[in-house]
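Whatever order the structure lists ligands and atoms in, that order sets their numbers, starting from 1.
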Amino acid sequence: MAPSLPTTSRKRMQILWCDSKDSFNSLAADHVLAAHLRKPDLTIALPTGRTPLGLYSVLRSKPVAFNRVRWFNLDEYVGLSATDGTSYAQFLRMHLLDDLGVPDTNIRLIRGDAADIQAECRAYDEAIARAEGLDLAILGLGANGHIAFNEPGSGWHQTTHVVRLTELTRAANAQEGQYVPPCGITMGIGTLSGAREILLLVSGQSKADALQALLQGRPDLMWPVTSLLGHPRLTVIADGRLRPG
Ligand code: GLP
């Protein structure tokens, strides 16, 4: 059973509906920039996927020094090295980090090709703990409600762990027919819920059911995104076309 939440939990969630891609991306960027202004050495967990591309493009265009930010990624494919074109590490380097001029010492990305993947999970949790936890977790949303690679039915107290991906997720992530590995390594919902602030980005018609599950305000293990409902600082930036009724 999913944990129950106080009935007030939904009231803590701030939802911002956007009627254009530009407003979606600039609102998301403003949110990140404001967090950065409050704490220039904040820790940020980054998502991959199509949804954050516009945000990354806006951030790249800003004359802001992000060199004190400590960067983590949410997830990675098991077996892929950071130089593999399908890896999330490569994606984040290409779409954001390389252009920001961040020192490598401030970037810790999951090593999908680690020889001992369980040891990598532990090392990653330790790195997050050494950074005193996440200040801001930026999340995308899967059509089945997954956040990072926490698929439906995942526990809500887990830290970094290995997951078998659903065929739905693998198919959604296979752009231009490229091979998508069967397993991922992901920050757990326990880690994500521990972030001091969460920014959830929801874009695309395929996310309508998952967003609806969140808006219903009822925690449900089969919709991992509903694990965020009790979070004290959750902001959702959503495509206006997904607005109910
Ligand atoms: C992948 C990632 C998720 C991401 C999701 C949505 O499964 N592991 O972190 O949220 O894709 O991707 P998109 O934004 O392309 O819809």
Side-chain angles (χ1 to χ4, degrees), residues 18 21 24-25 27-29 32 44-59 71-80 82 84-96 109-112 121 124 134 136-154 158 160-189 191-193 195 198-214 223-228 234-239 241-242:
C18 296
K21 274 205 161 100
F24 184 98
N25 296 332
L27 256 184
V32 175
I44 300 183
L46 292 169
T48 43
R50 285 156 283 238
T51 307
L53 284 174
L55 160 67
Y56 295 161
S57 157
V58 178
L59 290 178
W71 306 90
F72 292 86
N73 60 344
L74 296 175
D75 45 15
E76 182 57 279
Y77 291 113
V78 171
L80 301 192
D84 188 297
T86 304
S87 76
Y88 284 176
Q90 173 78 273
F91 177 100
L92 290 171
R93 292 258 181 205
M94 187 164 89
H95 292 288
L96 185 69
L109 304 178
I110 298 171
R111 297 172 187 123
C121 292
Y124 200 60
L134 300 174
L136 174 63
I138 307 173
L139 306 178
L141 180 62
N144 61 2
H146 73 246
I147 46 174
F149 267 149
N150 294 279
E151 296 276 33
S154 302
Q158 286 181 296
T160 304
H161 62 285
V162 174
V163 288
R164 179 160 284 280
L165 302 173
T166 62
E167 286 311 311
L168 183 77
T169 298
R170 291 182 74 204
N173 292 359
Q175 290 174 33
E176 290 149 25
Q178 108 251 40
Y179 172 74
V180 171
C183 292
I185 174 169
T186 184
M187 284 188 186
I189 289 178
T191 315
L192 298 174
S193 312
I198 294 179
L199 176 63
L200 174 68
L201 304 177
V202 186
S203 168
Q205 203 54 46
S206 64
K207 319 296 173 67
D209 291 348
L211 181 59
Q212 184 55 28
L214 180 71
W223 291 105
V225 68
T226 64
S227 63
L228 305 178
L234 167 63
T235 302
V236 183
I237 297 183
D239 180 338
R241 289 169 302 180
L242 301 177

Protein residue, atom and distance nearest to atom 11 (O) of ligand 1, heavy-atom basis: Asn173 OD1, 3.7 Å
Closest protein heavy atom to atom 4 (C) of ligand 1, given as residue, atom name and distance to 0.1 Å: Thr48 O, 4.0 Å
Check: Ala89 main-chain N/O paired with Glu76 side-chain donor or acceptor under 3.5 Å: yes
N/O donor-acceptor pair under 3.5 Å between Arg170 side chain and Pro181 backbone: yes
Glu151 and Asn144 side chains, donor-acceptor separation under 3.5 Å: yes
Test applied, side chain to side chain contact (heavy atoms under 4.5 Å, CB included); reference residue, Ile44; option that passes from Leu199, Leu134, Asn73, Val32: Val32
Nearest neighbour in protein (non-hydrogen) for atom 15 (O) of ligand 1: Arg50 N, 2.7 Å
Pro47 touching ligand 1 at heavy-atom level, < 4.0 angstrom: no
Test side chain to side chain contact (heavy atoms under 4.5 Å, CB included) applied to Leu74 and Leu139, Leu46, Ile147, the passing residue: Leu139
Atoms in ligand 1 flagged as close to Gly140, the criterion being non-hydrogen separation under 4.0 Å: 10 (O)
For atom 12 (O) of ligand 1, closest protein heavy-atom neighbour: Gly49 CA, 3.9 Å
Residue of the set Tyr88, Tyr179, Phe91 for which ring-ring contact (aromatic ring centres under 6.0 Å, His included) holds with Tyr77: Tyr88
N/O separation below 3.5 Å, Lys207 to ligand 1: yes
Atom indices of ligand 1, in the order listed, that fall short of 4.0 Å to a heavy atom of Leu141: 6 (C), 10 (O)
Atom 9 (O) of ligand 1: nearest protein contact (heavy atom, Å): Asp75 OD2, 3.4 Å
Shortest non-hydrogen contact between Ile185 and Ile110, atoms and distance: CG2-CG2, 3.4 Å
Top protein contact for atom 2 (C) of ligand 1, by heavy-atom distance: Tyr88 OH, 3.6 Å
Atom indices of ligand 1, in the order listed, that fall short of 4.0 Å to a heavy atom of Thr51: 13 (P), 14 (O), 16 (O)
Distance-only N or O hit between ligand 1 and His146, under 3.5 Å: yes
Nearest heavy atoms of Ala148 and Thr186, plus distance in Å: CB-OG1, 3.2 Å
The one among Ala143, Ala172, Ala148 that brings a heavy atom closest to atom 3 (C) of ligand 1: Ala148
Student check: side-chain heavy atoms of Leu92 and Trp71 closer than 4.5 Å: no
